[in-house]
Amino acid sequence: MNRHTQANPATLHQPTRHDSAPKHVSGSAEYIDDIVEPEGTLHAYLALSERAHAEISAIDLDAVRKSPGVVGVLTSADIPGDNDVSPAHKHDEPVFADKLVQFWGQPMFAVVAETREAARRAAHQARIEYRDLDWIPDVRTAQAAGGRMVTEPLKLERGDVDAGLASAPRRLKGEIRIGGQDHFYLEGHIAMVVPGEDEDVTVYSSTQHPSEVQLMVSHVLGIHQHAVTVNVRRMGGGFGGKETQGNLFAAVAALAAKRFNRAVKIRPDRDDDMTATGKRHDFVVDYEVGFDDEGRILAVDAVYGANGGFSSDLTGPVSDRALFHCDNAYFYPAVRARSEPLYTNTVSNTAFRGFGGPQGMVGCERWVEDIAYALGKDPLEIRKLNFYGTDTNNVTPYHQAVGDNIIHRIVDELESSSDYQKRREAVRTFNRENAILKKGIALTPVKFGISFTATWYNQGGALVHVYRDGSVHLSHGGTEMGQGLHIKVAQVLADAFGLGISEVKITATTTGKVPNTSATAASSGSDLNGMAAYDAAQQIKRRLVTHAAQVYKCEEDACQWVAGGLQAGDEFVPFKELIASAYLNRVQLSAAGFYKTPKIHWDRATGRGHPFYYFAYGASVSEVTIDTLTGEYTVDRVDILHDVGRSLNPAVDMGQVEGGFIQGMGWLTTEELNWDDKGRLRTHAPSTYKIPLASDVPPIFNVKLAEWSQNAEPTIGRSKAVGEPPLMLAISVVEALSMAVASVADYKVAPRLDTPVTPERVLFGVERMREAKA
Ligand code: MTE
Ligand code: MOS
């Protein structure tokens, strides 16, 4: 048997390991900093502003230029094209600030030197005089100052909210402050650019969005997009932080490469990466909710204030997605939700796993919790009472009906598999019997909308070649950041051709092969690119069947794809043989595939439409113990049941669910960003910014995929997107901490913890409870 027919073709839906796993663990996976540098490669480094908001009155770069090893300095005056990398095309994000500085850490110029160290040292030699201006540090200050928006706010409205609130038997108001988050990808931002003939540049960029890097580089250099080729084999994590934030680095390296006609690499230190690039938006949510004595929600009125930072970037769509998740899994008879995408003088906040959805849900779960404490009930009871129905009570604030609601089954199964009710009783008993240590337990649901809300982004492309030996070359528009997209798409292709996975070559993403791609984001990578690759395979397969019908003298209908080849009438033709014969008969063995998500539409002006193709669901139960003397706590046990439809790869999906949960837990508990009174980020390294460690994984961590779930829509293999939704499962940790704190005042007062719920916040919460009780 030849090696093509003996491989196990049953690859789709199997727990195939990540294609790069052995390379990841052995250190042989190639990241941009590992690419062999062309001879004479120069290194660029950014100089960052040291004011939050100021006019630049004088700038003296003499000492920089004279610094050892320096080849040149680039300022805004050296930009042949546009001094702008705004992904929102608002022209509000300069590559280099020239007259005005808008946040502490804004790039002002770049030094290009023979070594990275020389460039880095020289960048600090500039003498800059600033004229300080008033500046806006946060959401509340921005709102008090009149609320300048970086982009048009959104309003979602359904039903009569004022009447609903006025007639509700009970009402309450509140606010929650939700902190931001640094992406803390292991590989920081980096780009290397090799200049070519004429206008040409070849860009290696750690980006989730090669097509946009291509566009931005072309704008900044003032050249055609066709002259720019962007390549990315893999990122060492992106998490949304490389959806737009890579533009700047690629643009600077490209400028320098063209200017000096040498390859140029740029890689900021971790501290500078954290200081200069955008993060998850911090929010302040103000809400009023009307409900009845059972806890049924009657009306919700909420304002989501988002810290957009100094430029628009993705703040519009991020704050939109927060509103799209102000309902989580709950039906509101009347609702009005408004976004305030606010301008401030911080770094421009950006995409981060969940893209505003998590902040939307944290707000929502806060008023659900408030209702529970007001009525003295288990928050889970309130949750279940308010879940969307399946046929009735299923219309969202954006007027899309929830057509695929499985939250009831998910929550019921998890409630019993985690033994929630018994454990909650045990927790209450523990709290009665223990004065210092207190426990809490909570079950929270997740419903997350899948599709880019900018409808046009919901397209994917692939380019598939079959070579003469029957091996397959796969290229698609998505990027790999550790999430396992490439292996999933390779599985789709292997399955389509009846081949083993090793017959499919995964290649770097490049704008030269698949053009005009969307960011690999919104969890839609496998939905879009998996389908596009499938489409390409179908085209090639159709040609092969036509060919086989002629050669083996059978009807096309009598041709059947089986493992390892084609059954053409009575004849089994191994794939390799079929390809060899097709080649000799001049059959085209390459195809470009394409896919666009059906059904979706969205009208932002009216706040109505069908923005999501489907929803992904999940639920989690967390149990915690707090120390009421210090505020320290442990997360003792977590149970998760998560819906990925019919999994394309259960091994990869489990990794996404576990990793997403832990990343969400970090955001909501220990990862605290701290800016000082000058607007300087003080938590710009792991010494002060606390991401979860391996030791923070709960000692009992029961994670399960809802194996019975299938996507009701005909997605690739009936799977569902998995990248972002699990992050929001971590909200149960907040709610469990909340219960533990509330126990101090006999669960009679809502503890209203802001996030991240650091040990300090737990301690202050406990003190508030003690005062309330006294
Ligand atoms: N998983 C890993 N390991 N690394 C990442 O950077 N990014 C997340 C998620 N999972 C990320 C990850 C984010 S923000 C998104 S949108 C999705 O992966 C993107 O990939 P997908 O569309 O292929 O799921
Ligand atoms: Mo993910 S935040 O959509 O890159």
Is there a side-chain contact between [X] and [Y] (heavy atoms, below 4.5 Å)?
X: D639; Y: L414; answer: yes
X: V621; Y: V638; answer: no
X: V411; Y: L380; answer: yes
X: D378; Y: R424; answer: yes
X: S622; Y: I441; answer: no
X: D301; Y: R338; answer: yes
X: L729; Y: H642; answer: yes
X: Y304; Y: E340; answer: no

Cationic N near anionic O, under 4.0 Å, [X] to [Y]:
X: D419; Y: R423; result: no
X: E672; Y: K690; result: no
X: K447; Y: D643; result: no
X: R383; Y: E365; result: yes
X: R177; Y: D282; result: no
X: D272; Y: R270; result: no

Query raised in the report: Does a side chain donor of either T688 or T683 reach within less than 3.5 Å of an acceptor in the other side chain?
Result: no

Atom pair [atom1]/[atom2] of [X] and [Y] - distance to nearest 0.5 Å:
X: K439; Y: S743; atom1: NZ; atom2: OG; result: 11.5 Å
X: D370; Y: I382; atom1: CG; atom2: CD1; result: 11.0 Å
X: N307; Y: I178; atom1: CG; atom2: CD1; result: 12.5 Å
X: S319; Y: H281; atom1: OG; atom2: NE2; result: 6.5 Å
X: L46; Y: Q106; atom1: CG; atom2: CD; result: 11.0 Å
X: E243; Y: F239; atom1: CD; atom2: CZ; result: 13.5 Å

Can you give me the closest heavy-atom contact between [X] and [Y], atom names plus distance?
X: Y31; Y: M235; answer: CE2-C, 3.7 Å
X: G105; Y: L48; answer: O-CD2, 3.3 Å
X: W135; Y: D676; answer: CH2-O, 4.2 Å
X: G236; Y: Y185; answer: O-CB, 3.6 Å
X: L753; Y: I176; answer: O-CD1, 3.9 Å
X: I407; Y: G618; answer: CD1-O, 3.8 Å

Salt bridge (Lys or Arg N to Asp or Glu O under 4.0 Å) partners of [X], counting only residues at least two apart:
X: E288; answer: R171
X: R234; answer: none
X: D33; answer: K265, R267

Report task. Might you work through the side-chain hydrogen bond (donor to acceptor under 3.5 Å, both in side chains) test for T350 and T244, ending with a clear yes or no? Result -> CA-CA 8 Å; T350 192; T244 61; 3.2 Å; yes

Report summary line: residues 304-325 vs salt bridge (Lys or Arg N to Asp or Glu O under 4.0 Å), sequence neighbours excluded, gives D320-R604

Check whether any side-chain N or O of [X] sits under 3.5 Å from a backbone N or O of [Y] as a donor-acceptor pair, and report yes or no.
X: T277; Y: M274; answer: no
X: R353; Y: G723; answer: yes
X: R280; Y: G241; answer: no
X: S523; Y: E724; answer: yes
X: K438; Y: A740; answer: no
X: D273; Y: D269; answer: no
X: E632; Y: P759; answer: no
X: D327; Y: A329; answer: no
X: Q208; Y: K242; answer: yes
X: H408; Y: Y388; answer: yes

Do the two ring centres, one from [X] and one from [Y], sit under 6.0 Å apart?
X: Y617; Y: F448; answer: no
X: H684; Y: Y689; answer: no
X: H189; Y: F249; answer: yes

Query - side-chain contact (heavy atoms from CB on, under 4.5 Å) against A426, all qualifying residues, sequence neighbours excluded - result: none

Requested in this report: Apply ring pair (Phe, Tyr, Trp, His ring centres under 6.0 Å) to F103 and H53, showing your working.
Outcome: CA-CA 6 Å; F103 73 97; H53 196 200; over 10 Å; no

Report task. Just say parallel, tilted or perpendicular for the rings of Y330 and F387, cut-offs at 30° and 60°. Result -> parallel

Requested in this report: Kindly assign one of parallel, tilted or perpendicular to the pair W367 and Y332, based on the angle between their ring planes and the thresholds 30° and 60°.
Outcome: tilted

Requested in this report: Apply side-chain contact (heavy atoms from CB on, under 4.5 Å) to the pair K704 and I640, showing each step before the final yes or no.
Outcome: CA-CA 6 Å; K704 271 183 71 177; I640 288 171; over 6 Å; no

Report, one line per pair, each donor and acceptor closer than 3.5 Å where one atom sits in a side chain of residues 763-774; sequence neighbours left out.
residue: R768; atom: NH2; partner: P751; partner atom: O; Å: 2.8

Report task. Run the numbers on W675 and R680 for side-chain contact (heavy atoms from CB on, under 4.5 Å), then give the verdict. Result -> CA-CA 5 Å; W675 277 271; R680 199 167 14 172; 5.8 Å; no

Report task. Kindly determine whether E415 and Q421 satisfy side-chain hydrogen bond (donor to acceptor under 3.5 Å, both in side chains), including the steps that lead there. Result -> CA-CA 7 Å; E415 186 180 345; Q421 295 298 348; 2.8 Å; yes

